[in-house]
Amino acid sequence: MQATTTAVGRERETNETTTEREDACPECGSALEHDDTRGEVSCRECGLIVDEDVVDRGPEWRSFEGDGENRSRVGAPTTNLMHDKGLSSVIGWQDKDAYGKRLSSRKRRQLARLRKWDERFRARDDQERNLKQALGEVERMTSALGLPETVGETAGVVYRRALDEDLLRGRSIEAVATASVYAAARQAGVPRSLDEVAIVSRVDRLRVQRAYRQVSRELGLEVPPTDPREYVERYASDLDLPGETARRARELLDAAIEENVHSGKSPTTMAGAAVYAAARLTNHSVTQADVSEVANVARVTIRSRYKELLEAQE
DNA sequence: ACACGTAGAGAACTGGT
DNA sequence: ACCAGCACTCTACGTGT
């Protein structure tokens with residue numbers, strides 16, 4: 001046990017030195033900004049995206065004690081995907097000790113009793129058992145939908161709250177679990193349609209929709225309308241547009257928000273349209289097709305919006 | 001190749017019954 | 001609980017530069 005921990009630690013350590021990252025922008029040399037929620041590393045000055053999809057949810061392995069030998073203060077990361085957050089102890093089923101030797105009959109009886117009580121505590125009451133099943137479903141669905149683990153965790157949190165608020169009465173566990181996944185995916189900015197989630201769910205679309213309605217209302221789960229300006233940097237960067245264009249795009253959006261033409265429209269649409277319009281205004285050639293590609297919005301939609309944006313400028 | 005326009009369908013939400 | 005209507009976005013097709 002002792003030996004394996006240090007072995008893992010060493011491997012991590014060597015990895016760390018090889019993947020050393022710089023903290024200055026390759027373009028302009030100013031400080032970089034790490035956005036953990038979006039997994040992006042971007043430049044504070046020119047908005048260049050240096051790195052995307054950086055994910056490191058692992059534990060923190062450096063040792064702060066002495067010469068760096070003892071890393072035992074960290075355990076496994078806790079996760080909302082396990083009904084006990086992964087914090088419970090585990091009693092093996094084999095009647096062997098740490099060296100693999102058979103146990104005495106007395107010890108075996110003792111372990112059997114421990115296991116029994118461990119099991120009783122683990123799923124102590126209906127709620128816990130309910131949660132256990134639901135989280136299993138959440139995990140299954142998120143992975144079937146190709147959603148990142150963080151979404152599953154958010155869904156777990158949502159489900160827990162629904163359970164606490166007593167929202168499950170008359171509703172199936174599965175329906176609420178699916179609704180939680182649906183909500184979590186939206187909040188994480190990687191939405192899946194109701195149909196998509198219903199396909200991987202064991203309940204039909206309508207039930208999911210109803211459960212979601214209820215849950216989102218009762219829990220006040222407003223999916224905060226994301227600010228279109230948050231997308232501008234990335235789009236401009238992906239299209240190799242200069243900071244000037246990005247700035248212009250932000251101005252367009254400011255005016256649009258002022259005039260309230262953005263409400264009800266998807267933020268990615270608005271951001272894409274703004275970037276396109278700004279590119280034209282600053283004499284940089286970008287096609288609608290390019291913008292629609294990076295913004296994941298149909299060309300027609302870019303078309304219909306960018307004119308509105310320009311009108312709102314007056 | 002690109003921009004622009006229109007029509008019809010689909011998805012998600014709202015409010016009335 | 002169900003339905004109709006809604007605003008938005010999409011696909012698919014067209015025309016114009």
Side-chain angles (χ1 to χ4, degrees), chain A residues 141 144-147 151 154-155 158 162 167-172 174-201 203-232 235 238-241 245 249 252-253 256-257 259-313:
Chain A
M141 289 187 281
L145 289 166
L147 291 165
V151 173
T154 311
V158 171
L167 295 180
L168 277 105
R169 233 169 264 286
R171 244 168 270 278
S172 70
E174 178 82 9
V176 178
T178 315
S180 305
V181 170
Y182 176 70
R186 296 184 60 156
Q187 286 192 318
V190 280
R192 294 292 183 271
S193 71
L194 269 173
D195 272 327
E196 286 176 294
V197 293
I199 285 170
V200 301
S201 175
V203 296
D204 58 286
R205 207 194 102 110
L206 195 66
R207 279 169 214 291
V208 176
Q209 189 171 18
R210 284 210 265 272
Y212 169 71
R213 252 239 258 202
Q214 173 101 359
V215 166
S216 76
R217 185 176 330 186
E218 296 293 324
L219 299 185
L221 276 191
E222 44 206 72
V223 181
T226 20
D227 191 327
R229 281 168 291 202
E230 290 181 21
Y231 294 95
V232 168
Y235 293 170
D238 284 351
L239 293 165
D240 293 322
L241 290 166
T245 307
L252 287 168
L253 287 173
I257 289 164
E259 297 282 324
N260 227 14
V261 289
H262 73 300
S263 69
K265 318 214 164 65
S266 120
T268 53
T269 298
M270 295 311 287
V275 169
Y276 175 73
R280 292 200 126 191
L281 291 174
T282 53
N283 286 321
H284 289 94
S285 63
V286 189
T287 67
Q288 296 177 345
D290 292 335
V291 179
S292 98
E293 180 109 357
V294 302
N296 227 345
V297 178
R299 270 173 289 180
V300 211
T301 314
I302 299 281
R303 270 206 281 287
S304 51
R305 295 295 154 238
Y306 94 89
K307 284 193 218 130
E308 277 182 11
L309 270 176
L310 293 176
E311 278 168 32
Q313 283 304 286

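Predicted, not measured: the structure shown is a model, and the values here were computed from it. Letters go in sequence order (proteins before strands), and every chain restarts at 1.
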**Study point:** Heavy atoms from other residues, nucleotides or ligands near CZ of A/Arg207 exceed 12 (cutoff 6.0 Å)
**Key:** no
Indicate every side-chain donor-acceptor pair of residues 293-304 of chain A with a distance under 3.5 Å to a residue at least two apart or in another chain.
residue	atom	partner	partner atom	Å
A/Arg303	NH1	A/Gln288	OE1	3.0
A/Ser304	OG	A/Val300	O	3.2
A/Ser304	OG	A/Thr301	O	3.0

Exercise for review: State which residues pass side chain to side chain contact (heavy atoms under 4.5 Å, CB included) with A/Asp195; sequence neighbours excluded, sorted by chain then number.
Suggested key: A/Ser193, A/Arg205
Check your understanding: Can you name the side-chain hydrogen bond (donor to acceptor under 3.5 Å, both in side chains) partners of A/Thr178, sequence neighbours left out?
Key -> A/Ser201
Practice item. Only counting residues at least two apart or in another chain, list the ones meeting side chain to side chain contact (heavy atoms under 4.5 Å, CB included) with A/Ala278. Key: A/Thr245, A/Arg248, A/Ala249, A/Leu252
Under 3.5 Å, which protein N or O atoms sit close to an N or O of nucleotides 12-17 of chain B? Give each pair with its distance.
residue	atom	partner	partner atom	Å
B/dA12	OP1	A/Leu194	N	3.0
B/dA12	OP2	A/Arg205	NH1	3.4
B/dC13	OP1	A/Arg186	NH1	2.5

Review point. Which ring-ring contact (aromatic ring centres under 6.0 Å, His included) pairs, counting each pair once, include a residue from residues 267-302 of chain A, with sequence neighbours left out?
Key: A/Tyr276-A/Tyr306
Check your understanding: How many Å lie between CD on A/Gln288 and P on C/dG16, as a whole number?
Key -> 18 Å
Practice item. Mind running a 4.0 Å heavy-atom check of residues 298-307 of chain A against DNA chain C and sending the residues that fall below it, in number order? Key: A/Ala298, A/Val300, A/Thr301, A/Arg305
Review point. Rounded to the nearest Å, what distance is computed from the CG atom of residue A/Leu310 to the C1' atom of nucleotide B/dA3?
Key: 15 Å
Point to revise | Spacing of A/His262 atom NE2 relative to C/dT9 atom P, expressed in whole Å | key: 12 Å
Study note, to complete from the structure: Within residues 268-284 of chain A, the residues having a heavy atom closer than 4.0 Å to DNA chain B are A/Tyr276, A/Arg280
Revision key, fill the gap. A/Asp240 meets the side-chain hydrogen bond (donor to acceptor under 3.5 Å, both in side chains) criterion, sequence neighbours left out, with none
Check your understanding: If you look only at pairs with a residue in residues 263-285 of chain A, which of them pass as a salt bridge (charged side-chain N to carboxylate O under 4.0 Å, His left out), with sequence neighbours excluded?
Key -> A/Lys265-A/Glu308
Check your understanding: Can you name the residues that form a side-chain hydrogen bond (donor to acceptor under 3.5 Å, both in side chains) with A/Thr154, not counting sequence neighbours?
Key -> none
Check your understanding: Of all residues at least two apart in sequence or in a different chain, which pass the side-chain hydrogen bond (donor to acceptor under 3.5 Å, both in side chains) check with A/Gln214?
Key -> A/Arg171
Practice item. Starting from P on C/dC2, measure out to CD on A/Gln214 and report it in whole angstrom. Key: 15 Å
